[in-house]
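Order of listing sets the numbers, starting from 1, for every ligand and every atom in it.
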Amino acid sequence: MNVKEIKKDFPILKKKIGANDLVYLDNAATSQKPVQVIEAIKDFYENHNANVHRGIHTLSEEASDMYEDARAVVAAFLGAAHPEEIVFTRGATESLNMAAFSWGNKNLKKGDKILLTVFEHHSNLVPWQIVAKNTGAELMYIKTGAQGEIDMAEYEKNLSPEVKIVCIAHASNVFGTVLDIKEMTRKAHAVGAVVCVDGAQSAPHIPVNVQSLGCDFYAFSAHKMLGPMGVGVLYTKKNLMENMIPCQFGGGMISEVSHKSAEWASPPEKFEAGTPDVAGAIGLSAAVKYLEKIGMEEVRKHEVELNKYTIEKLQSVEGIKIIGPKDPVKRTGLVSFYSEKVHAHDIASVLNSSGVAVRSGHHCAMPLHTELGIAATVRASYYIYNDHSDIDKLVEGVKKALKMLS
Ligand SMILES: Cc1ncc(COP(=O)(O)O)c(C=O)c1O
């Protein structure tokens, strides 16, 4: 992978923060966008803009074709069996809400169990809390080991015929841990549970094939994988889609309406009420094509190497504690760490003064931080345009912060 060449495609990476070059290491929050994605969105608005599936005029047909092409590109990227299994949403959060409310409200009842890990992002936790309240189902949590790993024996202990759904992140946005979704799904299916995967931190970084994983739902956001904000995907296995109720109603999702009642269109339209973010879906499709040109195996290899380098470098800094697996292969492209003496926000602030952008806080995983007894961590997360020199600047900045503030 030629990082120097890739970097040229990202206009924002030429930006200065004060006198310093921008070093962008906040990719788990959102990635930057290459000119190919920006141009694809511009081209839609300049040359094809019309509403989809509504008009018979040329522009509407062009827009509809481009929107459906984007669906097919995403379906192929995920290895889905059918494009109709791809529902466009506003992002991973809306996708997980859709799984919770469209499937959960219809299929769960008192006595059923919803199994999650302790490190779920609020987006894969709070919707299930609400569904549990609505239906009387009970939430249960799989604990992790000291390095944020899931012990399969511990997982199996939690599985029973009462567990109807397992809701798990493919990769933790705090520990970085990558879960063995294939094995976890196999075990869940053996007790009759379906599996909902939060892929927000995996789809951008790890080759994914939903058929090989076997999972029933897979959610992610475009903006963390070079695409625009405000668009995401919920993959749902076709056989589940009929037994789900839409959670938004209106134009575009119906087949018949009378003054008293309505019937739903077939999936995916059934779950896409109102005017969709057509330009967003086209931007996502351009992002997928960009990543596929590099190759997801290459993306993964690059990030494992950066994990190795970051862990080595940070381990040599006195006073810094890394959380999550020490084995770089067991992580997605991020490393979270903390100091017992200096608050994470202060470290992030000193880093910013050197042009290094990282995230600090609880990363929308408050219950995990509470359980770990750590108020906040600093998270450095990389992507295809980061290299060793960015990590060197990170480590230099961390040392500077500790020297100044401890
Ligand atoms: C693991 C995980 N799940 C879900 C989300 C929510 O994504 P979005 O805010 O794009 O909906 C995030 C975002 O940080 C995440 O890291």
Side-chain angles (χ1 to χ4, degrees), residues 24-33 37 74 87-101 116-130 141-142 144 148 150 166-179 181 184 195-206 208 213 215 217-235 247-248 276-277 280-281 283-284 287-288 303 323-325 330-336 348 357-369 376-383:
Y24 189 75
L25 292 172
D26 194 16
N27 293 283
T30 198
S31 73
Q32 298 303 344
K33 324 300 172 201
V37 168
V74 171
V87 171
F88 285 119
T89 64
R90 278 197 309 119
T93 301
E94 189 172 277
S95 301
L96 293 163
N97 272 271
M98 191 179 283
F101 295 110
L116 307 97
T117 77
V118 290
F119 56 61
E120 293 312 312
H121 187 281
H122 298 163
S123 295
N124 198 30
L125 165 59
V126 183
W128 298 109
Q129 289 176 343
I130 305 299
Y141 295 92
I142 316 157
T144 65
I150 297 287
V166 176
C167 308
I168 41 177
H170 193 174
S172 157
N173 67 317
V174 181
F175 285 131
T177 326
V178 177
L179 267 56
I181 296 294
M184 291 178 84
V195 177
C196 174
V197 178
D198 174 357
Q201 298 295 346
S202 53
H205 306 284
I206 297 169
V208 170
L213 294 176
C215 59
F217 299 101
Y218 189 94
F220 69 92
S221 295
H223 71 92
K224 292 183 200 286
M225 49 180 290
L226 312 180
M229 290 183 172
V231 69
V233 165
L234 179 66
Y235 157 82
C247 51
Q248 287 188 359
D277 184 352
L284 168 58
V288 165
E303 292 184 0
I323 64 166
K330 294 191 172 155
R331 288 180 174 267
T332 188
L334 66 89
V335 177
S336 301
V358 292
R359 171 100 183 253
S360 57
H362 54 65
H363 318 297
C364 298
M366 218 189 268
L368 174 64
H369 280 78
T377 49
V378 180
R379 183 181 67 190
S381 53
Y382 11 81
Y383 215 4

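- Numbered from 1 in the order shown, with element, the atoms of ligand 1 that lie under 4.0 Å from a heavy atom of Asn173 read 1 (C), 16 (O).
- Atoms of ligand 1 found under 4.0 Å from any heavy atom of Ser221, numbered from 1 in the order shown, are 7 (O), 8 (P), 10 (O), 11 (O).
- To the nearest 0.5 angstrom, Glu120 atom CD is 11.0 Å from Trp128 atom CH2.
- With sequence neighbours left out, the ring-ring contact (aromatic ring centres under 6.0 Å, His included) criterion links His363 to His369.
- We find the NZ-NE2 distance between Lys224 and His205 to be 8.5 Å, quoted to the nearest 0.5 Å.
- Closest to atom 4 (C) of ligand 1, if we only count protein heavy atoms, is Asp198 OD2, 3.4 Å.
- Here Ala169 has no heavy atoms under 4.0 Å from ligand 1, in either its backbone or its side chain.
- The atoms of ligand 1 that sit less than 4.0 Å from any heavy atom of Ala92 are 7 (O), 11 (O).
- Note that the CD atom of Gln201 and the CG atom of Asn27 stand 9.5 Å from one another [nearest 0.5 Å].
- Note on ligand 1: Asn124 sits outside its first shell, no heavy atom being nearer than 4.0 Å.
- Here Lys224 has side-chain heavy atoms under 4.0 Å from ligand 1, and that is the only part of it that gets that close.
- When each atom of ligand 1 is checked for a heavy atom of Ala200 under 4.0 Å away, the hits are 2 (C), 3 (N), 4 (C), 5 (C), 12 (C), 15 (C).
- For Tyr235, there are no ring-ring contact (aromatic ring centres under 6.0 Å, His included) partners two or more places apart in sequence or in a different chain.
- For ligand 1, the atoms sitting less than 4.0 Å from at least one non-hydrogen atom of Ser123 are 4 (C), 6 (C), numbered in the order shown with element in parentheses.
- Contact of the Phe175 side chain with the Thr117 side chain is not registered, since no non-hydrogen atoms from C-beta on lie closer than 4.5 Å.
- The single protein non-hydrogen atom nearest to atom 16 (O) of ligand 1 is Gln201 NE2, 2.7 Å, given as residue, atom name and distance.
- Only side-chain heavy atoms of His223 come within less than 4.0 Å of ligand 1; its backbone N, CA, C and O stay farther off.
- Within the 4.0 Å heavy-atom criterion, both parts of Thr93, backbone and side chain, lie near ligand 1.
- Here His122 and His362 bring their ring centres to under 6.0 angstrom of each other.
- Among all protein heavy atoms, the one lying closest to atom 15 (C) of ligand 1 is His121 CD2, 3.2 Å.
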